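One structure is given here, and the rest of the page talks about it.
Letters A, B, ... are given to chains in the order of the sequence lines, protein chains preceding strands, and every chain is numbered from 1. If you're wondering where the values come from, they're calculated on a predicted model, not measured in any experiment.
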Amino acid sequence: SSSTPAATDDASGDEYGLVKAGTLTVATEGTYRPFTYHDEGSGDLVGYDVEIAEAVADELGLEIEFQETQWDAIFAGLESGRSDVIANQVSINPEREEKYLFSSPYTVSPSVVVVNEGDTSISSFEDLAGKTTAQSLTSNFYQLAVDAGANVEAVEGWAQAVALLEQGRVDATVNDELTYLDYVKENPDAKLEVVAETDPTQSALAFAKDKTALVKAVDEALETLRADGTLAEIGEKYFGADVSE
Amino acid sequence: MDSSGWQLFLDSFWPIVWGGLGGTIPLALASFAIGIVLALVVALMRISKNRVLSGVARFYVSVIRGTPLLVQLFVIFYGMPAVGIVLDPWPSAIIAFSLNVGGYAAEIIRAAILSVPKGQWEAGYTIGMSSGTTLRRIILPQAARVSVPPLSNTFISLVKDTSLASLILVTELFRVSEEIAAFSQEFMLIYLEAALIYWLFCLVLSSGQSALERRLDRYVAV
Amino acid sequence: MDSSGWQLFLDSFWPIVWGGLGGTIPLALASFAIGIVLALVVALMRISKNRVLSGVARFYVSVIRGTPLLVQLFVIFYGMPAVGIVLDPWPSAIIAFSLNVGGYAAEIIRAAILSVPKGQWEAGYTIGMSSGTTLRRIILPQAARVSVPPLSNTFISLVKDTSLASLILVTELFRVSEEIAAFSQEFMLIYLEAALIYWLFCLVLSSGQSALERRLDRYVAV
Amino acid sequence: MSPSEFEQDPTRSDAAGRRPAAGDPLAPGATPDDAVLLTARGIRKSFGENEVLRSIDLEVRRGEVVVLIGPSGSGKTTVLRSLNGLETPDSGVLDFDGGPELDFAAGITKQGRVAMRDRSAMVFQQHNLFPHMTVLENVIEGPVRVQRVPRARAIADAEALLERVGLSDKRDAYPFALSGGQQQRVGIVRALALRPDLLLFDEPTSALDPELVGEVLKVIKELADEGWTMVVVTHELGFARQVADEVLFMDGGVVVERGAPKDIFTNPAEERTRRFLDRILRPLD
Amino acid sequence: MSPSEFEQDPTRSDAAGRRPAAGDPLAPGATPDDAVLLTARGIRKSFGENEVLRSIDLEVRRGEVVVLIGPSGSGKTTVLRSLNGLETPDSGVLDFDGGPELDFAAGITKQGRVAMRDRSAMVFQQHNLFPHMTVLENVIEGPVRVQRVPRARAIADAEALLERVGLSDKRDAYPFALSGGQQQRVGIVRALALRPDLLLFDEPTSALDPELVGEVLKVIKELADEGWTMVVVTHELGFARQVADEVLFMDGGVVVERGAPKDIFTNPAEERTRRFLDRILRPLD
Ligand SMILES: Nc1ncnc2c1ncn2[C@@H]1O[C@H](COP(=O)(O)OP(=O)(O)OP(=O)(O)O)[C@@H](O)[C@H]1O
Ligand SMILES: Nc1ncnc2c1ncn2[C@@H]1O[C@H](COP(=O)(O)OP(=O)(O)OP(=O)(O)O)[C@@H](O)[C@H]1O
Ligand SMILES: [Mg+2]
Ligand SMILES: [Mg+2]
C-alpha cells in the first residue's frame with residue numbers, strides 16, 4: 001500500500017492532507033496503561049487515549065487506524081509522514097511546541113511523587129533533591145524530577161519504576177496521578193503512597209507542523225465531544241472521573 | 001509462582017507463540033534467505049581482484065557491522081520517506097534485516113570459500129570449467145559445509161533481533177510479550193516466558209541445523 | 001541539514017562520545033575480558049569426556065544463545081532481588097554481558113581448540129607434558145590465532161549490545177543519544193549521529209584486531 | 001555399452017574437438033605417430049622477483065612420454081601448469097598442433113587459455129578429487145558439464161574406464177572412502193574421460209604409501225604403452241627409465257640436460273644431474 | 001659451552017632420572033651394552049571392533065636398532081604409540097629396565113603412563129613441531145618446562161645438538177621457514193634434548209621430498225652408530241638394511257617374521273613378507 005496522500009475526490013477529509021485518505025492514522029505505544037494498552041494483554045487496543053482518538057475520528061467522519069510502536073519511533077513516524085497524530089499522553093512543553101502542533105488538551109492531571117508507604121523522608125517535590133528516582137526518559141516527569149534536583153535513573157516504563165521502588169533501589173518515582181491510581185486499583189496490596197503533587201499538566205494530541213487544517217477540525221471535534229459529555233464519559237470509564245478539564 | 005501468575009503464564013503462552021509464528025519466524029526466514037543471497041554476492045565482490053568492487057563490499061560490511069541495527073531500521077522506515085521512498089512495515093523490516101544479515105554472513109561465506117583448497121579450483125579448471133561453473137559446482141557445495149555452523153549462529157541471533165521490528169510497526173513475539181507485560185504489569189514473568197519461547201524456537205531451529213550438517217557431511221569420513 | 005540541526009549535531013557529539021568512553025567501552029571491555037575466561041572454561045567443559053560437565057556446558061550455551069539478551073539483563077537486575085540478591089546496575093550489566101559473551105565465545109574457542117591438529121597434543125605429551133601444560137603452552141597459543149576474527153565479531157556485536165544496559169540504569173552511548181533525542185525531539189538526526197560514533201569506535205577496535213592478527217601471524221608463512 | 005562405441009559416434013569427437021578413442025577405453029585420442037603435438041619455446045615465468053622458468057624449450061611428439069626430473073623448486077610443476085593454462089608465462093611461444101600459436105609476450109586472451117587447457121588434462125599430486133561427488137560423478141563432471149556429452153554416454157564411458165583401472169565396484173563411493181592409490185587412479189580416470197591430446201602428471205605417486213605406488217605407476221605405464229602422449233613429473237627413477245622416451249633434468253628454472261633415459265641415468269653429462277641422481281638413488285652415501 | 005658439560009653436571013641426570021650424555025652431544029644416555037632395555041609381551045589393542053594388535057612381543061636391548069616394516073594399517077604406528085604411552089593397550093605387559101612392570105590388563109595409572117612416556121621420545125612422520133615457537137624454543141620446551149633443567153643449560157645443550165645436525169643458523173627461525181628435511185631434523189633434536197633411553201621414529205622420512213630423505217636418514221644412522229637405542233618404522237629398506245640390528249615384519253596386527261635384516265630382505269621365510277618386499281622394491285613388475 002502506498003502512503004502518499006492520493007485522496008480520491010469523494011473521500012472525506014482530503015483537505016487535511018491525511019496519510020491515508022479517509023482514515024485518521026494514529027500513532028500510539030499500546031503498552032502504556034491505562035491510556036493505551038491491550039485488553040487482556042494481547043487483545044484489542046483500548047485505553048483512554050485510544051477511545052478519545054476513536055471518538056474524534058468518528059466525529060470527523062474518518063476511519064481510524066492505529067500504528068503501535070515505541071516512544072522512540074512515535075515522533076519519527078509523525079515527522080516522516082507515516083502518521084497523522086499521536087495519541088499517547090503527550091504533554092505539552094515548549095520544546096515540543098516548537099516542533100509540533102497540539103490540539104486542545106484532553107487530559108489535565110497532576111504529576112505525583114510516589115514513595116514506599118511509611119517513607120517520611122520525602123513529603124514534597126523539594127525533598128527529592130539528592131534522592132534517587134526512577135523515570136522513563138521520554139516523559140516530562142523525567143524533567144520534573146531533574147528540576148527538583150533528584151538523581152534520576154532512567155527506566156523503560158512505570159512497571160520497572162515501581163519494581164525498583166518496591167525493591168528499595170530508588171527512593172521515589174514521579175508519574176501521572178492517573179497511572180498511579182490505575183496501578184493501585186489493579187494491585188490493592190501495593191504498599192505505595194503519594195506524598196506530593198504538582199499543578200496539573202496538560203496532555204494533547206500532537207501533529208506535524210503542516211497539519212493546521214486537521215488540528216482545527218480536531219479541536220472542533222474535541223469541543224463537541226466535551227460538550228456532549230463524551231470526554232467525561234470516557235474518563236469515567238477509565239478513571240471514575242472526568243479528567244479532560 | 002502463585003496461581004494467578006501461573007494462570008497468566010498459561011493465558012499468555014499461545015498469544016506469544018502466535019506472535020512468533022506470525023511475526024518472528026516468517027520475518028527471520030525471509031530476511032535470512034534474502035540476506036544469504038546478498039552475502040554471497042558481497043563475499044564474491046570482496047574476494048574479487050577488482051579494487052572498486054572489493055572496496056564497496058568492504059565498506060558495506062563495515063557500516064552494517066559497525067552501526068546498531070536499530071538505527072538501520074530507523075533509517076529505512078523513518079528516514080527514507082524524506083527522499084520519497086515510503087515502504088510498508090514488512091518490506092522495510094525485511095530489507096533492513098536482509099541487509100544486516102548480508103553484512104554479517106558475507107564474512108562467513110568469504111571465509112568458507114577461501115577455506116576450500118586452491119587445488120579444487122584448479123581441478124575444476126583442468127576439466128575445462130570456467131570460474132563461474134567451478135564456483136557453482138565445486139567450490140560452493142564444499143563451502144556450504146564449513147559455513148553452516150556460523151551461519152546458524154547468525155540465524156539464531158537474527159531470530160532474536162527481529163524483536164526490534166516492533167519499532168517499525170511489525171508485531172512479533174516480543175511485542176506481544178510487551179503488550180501483555182504492560183497490561184498485567186508482570187513484566188518479569190512475561191519476559192521469562194518470552195525467553196522460554198524464544199529458546200524453544202531456537203531448539204527447533206538448531207535441530208534443523210544438525211540435520212543439514214548431517215546431510216552435508218555425508219561425503220566426509222566420520 | 002539546516003544550521004540548527006548542524007548545531008545540535010555538534011553540541012551532541014562530545015556528550016555521545018563521552019557516553020561511549022564512560023559507558024559503552026568500559027562495559028564492553030570488562031564484560032569481554034571476563035566472558036572470554038568463562039568461555040574458555042565452558043569450551044573445555046564441552047570438550048571434556050565427562051558427560052555431566054559437557055552436558056552442563058551444552059545447556060548453558062543453548063540457553064544463552066537461545067534467549068534474548070534483554071531478558072538475561074532483566075533477570076539479573078530485576079529478577080534476582082526476588083531471591084535476595086540485589087546488585088547495582090554496573091555489576092549486573094557486567095555479569096549479564098559476561099555470561100552472554102561466555103555462551104557465544106565458548107563455541108568459537110571450542111572450535112579453535114579442535115582445529116589445532118591432534119599431533120600437537122601428542123607432541124606435547126611425548127616431550128613429557130601433562131594435558132594442562134600442553135593446553136596452555138601448545139594448544140591455546142595456536143587456537144588464539146584462529147579465534148581472533150570470530151571473537152572480534154563477538155566483541156563488535158557486544159559493543160552495540162551494551163546499549164541494552166540502559167534498561168538497567170547504566171548510562172552509555174545510546175542512552176545519551178536517547179536523552180538528547182527525547183529533549184530535542186530530533187530522533188533521526190541523533191540516532192544517525194550515534195550510529196556514526198558507534199562506527200568510529202568499531203573502526204578503531206577493528207584496527208586493534210588487525211594488529212593482533214599480525215602479531216599472532218608472525219609464525220605463519222605469508 | 002561397449003567402450004568401442006566411441007568410435008561409432010562421429011559427433012562426439014566434433015563436439016569435444018578431439019579424436020575418437022580406439023577400441024580400448026584406455027587408448028588415447030590418437031594413434032601414435034611421429035607428428036609433433038606440442039612445441040614450447042622460450043617459456044619464461046617469474047613470481048615477483050623470483051625467476052622460476054628461464055627460457056624452457058620443449059617438444060612433445062604424439063605418443064611420446066616425456067619425463068621431467070629435478071630438485072624441489074626447480075620449476076617442474078610450473079612447466080606443467082604453463083602447458084595446462086593454470087599459469088600464464090610472461091613470455092614464450094606455445095604451439096599445439098592444429099591450434100593457433102600462442103605468444104605469451106603478446107598477451108593471451110581468455111579464449112586462448114581455454115583452448116589450450118582443453119587440449120590437455122592434469123593429474124595432480126594430491127589428486128584433488130571433488131570430495132562432495134561420488135567416483136562416477138567426479139569422472140563424468142567434465143564430459144557432461146563442459147563437453148556436453150550426453151549423460152548416458154558419459155556414464156558408460158566412465159564405467160568402462162573405471163573397470164579398466166579396476167575400480168568398477170567403487171563407482172558410487174565418495175573419495176574419502178578410497179585408499180590413496182584408488183583416489184589417484186580415479187584422478188587419472190577423470191583426466192582420461194576428457195579424452196585430451198596430452199596428459200600431464202605432477203608427481204602422481206609422491207603422496208602415496210610406498211606399497212600403493214606400484215598400482216598407480218602400472219596404470220600410467222599401460223597408458224604409455226597404449227600410445228597416450230604424456231608429460232610426467234616424477235621421482236620414481238626406475239619407472240622413468242622404463243617408460244620415458246625422453247627425460248629432461250631441470251634445475252633452477254632451466255633444462256640442464258635432456259636425452260634418452262639410459263643416457264641420462266647411466267651417464268649424465270652434467271655434474272649437477274649426477275649429484276641429483278646420487279642423492280636420490282644412494283641417500284646414505 | 002662445550003657439549004661435554006653434560007658430564008660435569010651430576011644433578012642433571014638425577015633430576016631427569018636419566019643417565020648423563022657422553023662427550024658427544026649426539027651420544028645416547030647410556031653406553032651400549034647388551035642389557036635388555038625394554039620388554040613387551042602380549043600387547044593387544046582394539047579400536048572398537050577392530051583388533052589392531054594381536055599379541056605383540058618385543059625385546060629391545062640397549063644400543064640396539066629395531067626396525068618395523070609392514071603394510072599400511074598393519075599396526076606399526078600403534079606399537080610405537082603403545083611404547084610411548086600415547087595409546088594404552090588393552091592387555092599385555094611392558095617392562096622398562098629399572099622401572100615398574102606395567103600390566104595393562106590390570107589397568108594402568110596416570111603415573112604409570114607418565115613414567116613410561118618419560119623413558120622414550122617420539123619423532124613423528126609429520127614432525128609436529130610447535131609452529132608458534134622458534135627452533136630453539138621447540139627444543140628447550142621439554143627440558144625447561146618438564147624436566148626443570150635450568151634455561152641457560154638447556155639452551156647450551158640445544159645449541160650443541162642443533163650444531164651437530166647442521167642447523168645452528170636456524171635456531172631463531174620459525175618452523176614454517178624451514179624445508180621439510182630441516183623440520184624433521186629439528187624434530188629429532190627435540191626428542192634428543194630429552195635424553196630419553198629410547199628413541200621412537202614413525203616413518204620419519206615418508207613426508208619428505210626424495211632429495212631430502214638422505215639428510216634425515218644420515219642423522220638417524222649416525223645416532224644408531226653412536227649407540228642410541230631406537231625403534232624405527234620405515235619404508236626405506238636400503239636404510240633398514242644398513243642400520244637395523246633386527247627387522248620385524250608386521251601384518252594384520254601380528255609380527256609375521258623377525259630376524260636380522262640380511263635374512264629378512266634376501267630370504268624371507270614367509271610368503272607374505274616376500275610379497276610385501278616385492279611390491280616395494282619392484283613396483284612395476
Ligand atoms: N604461485 C606462486 N607464487 C610464488 N612463487 C611460486 C608460486 N608457484 C611456485 N613458486 C615458486 O617457483 C619455484 C618453482 O616452483 P615449482 O613448484 O615449479 O617447483 P617444482 O620443481 O615443481 O618443485 P617440487 O618438486 O617441490 O614440486 C619455487 O621456488 C616456488 O617457490
Ligand atoms: N585412534 C584410532 N581409532 C580407530 N582406529 C584406529 C586408530 N588408530 C589406528 N586405527 C586403526 O588401526 C589400524 C592400525 O593402524 P596403524 O596406524 O597402527 O597402522 P600402520 O601400520 O602404522 O599403518 P601406516 O603404514 O598406514 O601408518 C588401522 O586399521 C587403523 O585404521
Ligand atoms: Mg612440483
Ligand atoms: Mg603408521
Is atom [atom1] of [X] surrounded by more than 12 heavy atoms (other residues, nucleotides or ligands) closer than 6.0 Å?
X      : atom1 : result
A/K191 : NZ    : no
A/E98  : CD    : no
A/Q143 : CD    : yes

Checklist entry - Pick from B/A82, B/S12, B/G19, B/S166: which one has the most heavy-atom pairs with chain A under 4.5 Å? => result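 Heavy-atom pair counts peak at B/S166.
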Looking only at non-hydrogen atoms, find the nearest pair between [X] and [Y] and report the distance.
X      : Y     : result
B/R175 : A/G30 : NH2-CA, 3.7 Å
B/F74  : A/A73 : CZ-CA, 3.7 Å
A/S80  : B/P81 : O-CB, 3.5 Å

Do [X] side-chain atoms and [Y] backbone N/O form a donor-acceptor pair below 3.5 Å?
X     : Y      : answer
A/R33 : B/A182 : no
A/R82 : B/F77  : yes
A/T69 : B/L167 : yes

Heavy-atom distance under 4.5 Å to chain B: side chain of [X], backbone, both or neither?
X      : answer
A/Q160 : both
A/A27  : neither
A/E186 : neither

Item to check | Per-residue contact mode, B/L73 against chain A (heavy atom under 4.5 angstrom) | outcome: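 Neither the backbone nor the side chain of B/L73 comes within 4.5 Å of chain A.
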Checklist entry - Say you draw a straight line from CD of B/E178 to CD of A/E156; how long is it, rounded to the nearest 0.5 Å? => result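 Those atoms lie 6.5 Å apart.
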